[in-house]
Amino acid sequence: MADAPPAAPLLLASRSPQRRAILEQLGLPFDVVAPTYDEDAPPAGDAVALVRRHASAKARSVAADAGDRPVLGVDTEVVLGGRIFGKPRDASEAEQMLEALSGRTHLVVSGLCLVTPGWEAVEHESTRVTFRALTPRDLGSYVAIGEWEGRAGAYAIQGRGAALVRRVEGDYLNVVGLPASLLVRLLAERFAGVYGYG
């Protein structure tokens, strides 16, 4: 029996190095292209609808140039008490966000969209993250290292931000920036065996 042809690389519509690292960890072939979609970040509202809309728009923004390849779009937000914690504008806002998350449990919500010429699948995943109680020294030293820059919720769990966290319930990689279990399930269902899953 002849070997199956290699799977066409996914096209990741993202600027995120964390999402690239997760796809590499999963052993998936992929190429990266920056999406041409500018996302809005309202401070409140339906976070699930927001991340699904952003993920779909990112994927669609590059789908016309993808040929037959599946395009992957992902968007992740941090949510607490109906407030959406986007990417902080500066160190002061980062510290305020972390202070609000201190000692409490928040949700990390990601939308994931796969687009092909024949269909589009949009789903979402939520992970519960509980922070330990943070002292003013904790806040000041974490903000000073600059890891908050460009991060929803002002922290990076795969970096020094791990020290802020007491508990994670759900998909850890979703908190890093890509709901891996959801992606693997979709690939297994839609491309059984093609990418090594299903």
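Heavy atoms only: backbone and side chains are in, while hydrogens, waters and symmetry mates are out. Predicted model only: the values in this text are computed from it and were never measured.
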Identify the heavy atoms of [X] and [Y] that sit nearest to each other, and give their distance.
X: S14; Y: P35; value: N-CD, 3.6 Å
X: P179; Y: N174; value: CB-OD1, 3.6 Å
X: A55; Y: L112; value: CB-N, 3.9 Å
X: L164; Y: Y155; value: CD1-CB, 3.9 Å
X: V71; Y: A13; value: CG1-CB, 4.3 Å
X: V109; Y: S126; value: CG2-OG, 3.8 Å

To the nearest 0.5 Å, what is the distance between [atom1] on [X] and [atom2] on [Y]?
X: E77; Y: L50; atom1: CD; atom2: CG; value: 5.5 Å
X: E125; Y: L107; atom1: CD; atom2: CG; value: 11.0 Å
X: L114; Y: L187; atom1: CG; atom2: CG; value: 6.0 Å
X: L101; Y: Q96; atom1: CG; atom2: CD; value: 12.0 Å

Is there side-chain contact between [X] and [Y], with heavy atoms separated by less than 4.5 Å?
X: V129; Y: H106; result: yes
X: Y37; Y: H54; result: yes
X: R20; Y: P17; result: yes
X: L178; Y: L72; result: yes
X: L173; Y: S181; result: no

Looking at [Y], is its backbone amide N or carbonyl O close enough to the side chain of [X] to form a donor-acceptor pair, meaning the two atoms are under 3.5 Å apart?
X: R132; Y: A163; value: yes
X: R19; Y: G177; value: yes
X: E147; Y: G161; value: yes
X: S102; Y: L134; value: yes
X: T127; Y: D171; value: yes

_Consider side-chain hydrogen bond (donor to acceptor under 3.5 Å, both in side chains). Of R53, K58, H124, R52, which one does D75 pass it with?_
K58
*side-chain contact (heavy atoms from CB on, under 4.5 Å) with F191: which of L186, L10, T116?*
T116
*Does the pair M97 and R151 meet the rule for a side-chain contact (heavy atoms from CB on, under 4.5 Å), with working shown?*
CA-CA 11 Å; M97 285 185 181; R151 314 278 187 190; over 6 Å; no
*Lys/Arg N to Asp/Glu carboxylate O, R185 vs E189, below 4.0 Å*: yes
Applying the 4.5 Å side-chain criterion to the ILVMFWY set and letting contacts propagate, would [X] and [Y] be lumped into a single cluster?
X: V175; Y: I22; result: yes
X: L80; Y: L139; result: yes
X: W119; Y: L11; result: no
X: L182; Y: I157; result: yes

*For V165 and F131, what are the C-alpha separation, side-chain angles and deciding distance, and is it a side-chain contact (heavy atoms from CB on, under 4.5 Å)?*
CA-CA 4 Å; V165 175; F131 270 22; 3.8 Å; yes
Can you give the donor-acceptor pairs under 3.5 Å from side chains of residues 25-33 to other protein atoms, not counting sequence neighbours?
{"from": "D31", "atom 1": "OD2", "to": "R69", "atom 2": "NH2", "distance (Å)": "2.7"}

_Working for side-chain contact (heavy atoms from CB on, under 4.5 Å), residues Q158 and Y172_ = CA-CA 9 Å; Q158 73 280 9; Y172 166 82; 3.9 Å; yes
_Could you walk me through whether V168 and V108 satisfy the side-chain contact (heavy atoms from CB on, under 4.5 Å) test, starting with their C-alpha distance in whole Å, then the side-chain angles of each, then the deciding distance to 0.1 Å, before giving a yes or no?_
CA-CA 10 Å; V168 176; V108 177; over 6 Å; no
_S141 and R137: side chain donor to acceptor below 3.5 Å_ = no
